[in-house]
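Below: one structure, written as structure tokens.
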Amino acid sequence: MEKGNMKIINKDQEDEMEVLGYCVSRWRLALVCVGVLCTGGLLLLLLYWLPEWGVKSTCTPCPLRDAKILLLRSTDEFRRWFRVQVHVMQAPGRNPFDAVDLKTSPPNGHKTHPCPDGSPTEPQNLQICYFTLHSMQYFWNDTIQNFEVINGLEDQRLSCSSIVSEHSSGLSRPQQEYRRLFFGENEIAVRVPSLFKLLIKEVLNPFYIFQLFSVILWSAEEYYYYAATIVLMSVISIAISLYTIKKQYVMLHDMVAAHSIVRVSVCRGRKEVEEDMSTDLVPGDVIVIPSNGTIMPCDAVLISGTCIVNESMLTGESVPVTKTSLPNSDMEGRELYNTELHKRHTLFCGTHVIQTRFYAGELVKALVVRTGFGTEKGQLVRAILYPKPTDFKLYRDAYLFLLCLVGVATIGFIYTIVLSVMNQVPAKTIIIESLDIVTITVPPALPAAMTAGIVYAQQRLKRAGIFCISPQRINICGQLNLVCFDKTGTLTEDGLDLWSVHRAENGRFVQPDQDPGTDCELESSFLACMATCHSLTKIDGELSGDPLDLKMFNATGWILEEATEEETSLHNPIMPTVVKPPKQPKARESEVIATPDHSMELYELPDTYELGIVHQFPFSSALQRMSVVARRLGGKRMEAYLKGAPEVVASLCQSSTVPENFTEVLEDYTSRGFRVIALAHRQLESKLTWHKVQSLNRDHLETNMDFLGLVIMQNKLKPESAEVLEDLRRANIRTLMVTGDNMLTAISVARDCGMIGPQERVIVVDAQPPGGGRAAMILWHYTDGPTALANKDSHFQVKGAYTGGGCLECQESIVFVFTKDQVGN
């Protein structure tokens, strides 16, 4: 390749590609046309199969800036080639986020070459080069002298506070139209190709071209019946393939098109709100989320209010999640916005907003950050439309097999010609018989036979209740040698049962309690933590949220009340979610006493035991914990409650409050397969007000806690798990559990389901990363004893993660767990 003109686009990303610029050469194009005519179209077919040859034979290299044709090659192991056409559009600026003068006339919305009308008030439009590949547009950037894709508002690297303060008013109509030049319509358009296009693409497959050649040859030899049979098989094979592909396109189109175009309320300035179509949205628009919910037409970040969202379309989890507005505090506000890091504040395209919650009459608003194929849903659809090639050993072996057949055919071809010439056979007979050797050695019915086999296999799978939308993948199923399972909800039941609670008092564990709602004191911090430290909400009057949160809260027997829409619109202060024990007398409106500063404090109620959840730090899988700030209604001080992984919670507590036998008790529960959650709390400073709590830093809050105890949950094994794993074992397929749960819990479940045999001992491999001038260290020991199996001075160079058989848990250090038999192997 011409390294001087080569550039890299999507650098360090999965779809990284090399790009070269070309301009069409008329004399080269003329020579290729002559070649196509002389070869009867075979050269054109060859150039269709090899796009890089087609570009290099008809074009000359040139700088990317001046290129009309681009040749791209992926940098992965497949090294795929793509040919694209460079287009030109006119716009007032070179970047959608540039500040350009749009007062005199709106930008032209068509990506063509409009001629200027000569008006002195018309702004001078710039010519911008762009190309489209895999439904994404790449625009020329003069600064970096390369093409780049503009994903959305996230490319601007904005801080959370600047998003809330500077972008919450939305865009004017001219600004929206200008940005639409670059982002296009906000839609994920899956175009269903016509049957004619699919037919042309299918019949130009090298196998079918070879079959056509074979049929012509056999007809010349008067093998009419055999030729007709092959034609019939090929037609049936092509028809089945076209039907399957067309059905998949229609299915994908219908799935994506559902609820993709809706009417939305768009903010124009601070107070003006107008109705618009979702296809007109661009990054930077501010939309109003309706109180009765909607299907999100784009990716947007919440800048005010709260939403309850069903994200099952993206995550597969049916449990609704709570989305809160983007933080605007001193510490968190300085963080750069990122959809992955701030997904608790981001509404993703295609997800269902069930209901919203707003306060003091304010609207629930969200800032559009990505549209179209740039959204999370769009990326999923692109992955389906343009899948990455699979590099299975089966395919490589199939190509080697065909290559061997071609080699044998070549030898037979040469031998036949030589022998026929020596025997003075007529030239016509020599040509036909020599080519006939090729058609016999490479079976032309191979594609049809494989299709028939796949169809038969698909019918057998269908009778077993297994449906396959990609029949070509059926062949790969026979090559599987490893199956990975999640634990919770896959090997075990979806639901959890509360087995007991084990409270700690004065740095010691007390006797376990089976029913915390009756066994624990009503005003104990342990019970208050179970009742408040969750993300539950009410949807249509029913409690909804994480199953673990539901079980913990229901075990307390308490009642959860949320402020109604009327209550939140009547008052300035935010009305908190309130939890209280059952059968508590409800305060009359005349008894409600408001604090002097209505904008700073909560309402104070009479001396009834009710807790208001003032602020919540949602559960983070990276931190392995969640926390809330709550206040007893009528009380003067707020309290922080924390729950999470026992080891993490214990590390955040004062050592004097953590029992000395904490590790032994925890290992006893986890080794029996229980899921264990630890609880902690601490009182906050009396000077903390509601506003200060909202901007409180999480790391500052979750420290110097008092350890409260353990909640032990039972997660029962599914009845069919052991049977399925036994079937896989008999098929000589390895099974692996990948889980974020406690390691000993995972090992216990693995034993119960038969993944680890009853007589097998499990070895834990604890790998410590290199640091302080030493290499990485690996320590080996049994799970049922601390005896080390390797000298502590033994060093190993660790590169990447090894997913050995058995169970795997990854936390701060790399932990490998596998059976003793596999250590020997």
### Atom of Val649, atom of Gly644 and distance for their closest heavy-atom approach
CG2-N, 3.5 Å
### Query
Does Glu720 CD have over 12 foreign heavy atoms under 6.0 Å away?
yes
### Query
CG of Asn732: more than 12 outside heavy atoms within 6.0 angstrom?
no
### Task
Can you spot which of Val628, Ile677, Leu708 makes a side-chain contact (heavy atoms from CB on, under 4.5 Å) with Lys643?
Ile677
#### Entry: Within 6.0 Å of CD in Gln511, more than 12 heavy atoms from elsewhere
no
### Message
Does Arg460 form a side chain to side chain contact (heavy atoms under 4.5 Å, CB included) with Arg463? I'd like the steps, not just the answer.
### Response
CA-CA 5 Å; Arg460 289 183 60 197; Arg463 286 196 294 270; 3.3 Å; yes
### Query
Would one find more than 12 heavy atoms of other residues, nucleotides or ligands at under 6.0 Å from atom CD of Glu660?
no
### Message
Checking the side chain of Glu726 only, and the main-chain atoms of Ala722 only, is there a donor and an acceptor separated by less than 3.5 Å?
### Response
no
### Query
Which distance, rounded to the nearest 0.5 Å, do you find between the SG of Cys307 and the CE of Met296?
8.0 Å
### Query
Is there a donor-acceptor contact under 3.5 Å from the side chain of Thr322 to the main chain of Ile308?
no
### Message
Any side-chain to backbone donor/acceptor pair from His502 onto Val510? Under 3.5 Å, distance only.
### Response
yes
## Note on the structure
In this structure, CZ of Phe617 is separated from SG of Cys533 (nearest 0.5 Å) by 11.5 Å
### Query
Is it true that atom OH of Tyr456 has more than 12 heavy atoms of other residues, nucleotides or ligands lying nearer than 6.0 Å?
no
### Query
Taking it one step at a time, do His534 and Leu560 satisfy side chain to side chain contact (heavy atoms under 4.5 Å, CB included)?
CA-CA 11 Å; His534 54 71; Leu560 182 142; 3.5 Å; yes
### Check: Leu491 main-chain N/O paired with Ser721 side-chain donor or acceptor under 3.5 Å
yes
### Message
If we check side-chain hydrogen bond (donor to acceptor under 3.5 Å, both in side chains) with Gln379, which of these qualifies: Glu376, Arg382, Lys377?
### Response
Arg382
### Query
Are the charged groups of Lys323 and Glu311 less than 4.0 angstrom apart, N to O?
yes
### Query
In Å and rounded to the nearest 0.5 Å, what is the CE to OG1 distance from Met755 to Thr735?
4.0 Å
### Message
Keeping Asp299 on the side-chain end and Cys349 on the backbone end, is there a donor-acceptor pair under 3.5 Å?
### Response
yes
### Message
Could you check whether any side-chain N or O of His352 sits under 3.5 Å from a backbone N or O of Ile354, counting only pairs where one atom can act as donor and the other as acceptor?
### Response
no
### Task
Look only at the side chain of Ser500 and the backbone of Ile712, and say whether a donor-acceptor pair between them is shorter than 3.5 Å.
no
### Message
Are there over 12 heavy-atom neighbours, none belonging to Arg508, within less than 6.0 Å of that residue's CZ?
### Response
no
### Task
Please lay out, stage by stage, how Met737 and Val749 fare under the test side chain to side chain contact (heavy atoms under 4.5 Å, CB included).
CA-CA 10 Å; Met737 183 195 301; Val749 172; 4.0 Å; yes
### Message
Within this structure, what is the CG-OG distance for the pair Asp549 and Ser535, rounded to the nearest 0.5 Å?
### Response
4.5 Å
### Query
Using the ring of each side chain (for Trp, its six-membered ring), is Phe662 parallel, tilted or perpendicular to Phe707, with breaks at 30° and 60°?
perpendicular
### Query
When rounded to the nearest 0.5 angstrom, what is the spacing between CZ in Arg672 and OG1 in Thr670?
9.5 Å
### Atom of Ala555, atom of Met530 and distance for their closest heavy-atom approach
CB-CE, 4.3 Å
### Query
Closest heavy-atom contact between Cys753 and Leu725?
SG-CD1, 3.3 Å
### Query
Distance-only, no hydrogens or angles: does the Asp76 side chain make a donor-acceptor pair with backbone N or O of Arg79 under 3.5 Å?
yes
### Task
Identify, with sequence neighbours excluded, every residue that meets side-chain contact (heavy atoms from CB on, under 4.5 Å) alongside Leu341.
Asn338
### Task
Working to the nearest 0.5 Å, report the span between CG of Leu498 and CE of Met713.
5.0 Å
### Message
For the backbone of Leu550 and the side chain of Asn554, can you confirm whether one donor and one acceptor N or O come within less than 3.5 Å of each other?
### Response
yes
### Query
Is the Trp499-Phe674 ring centre distance short of 6.0 angstrom?
yes
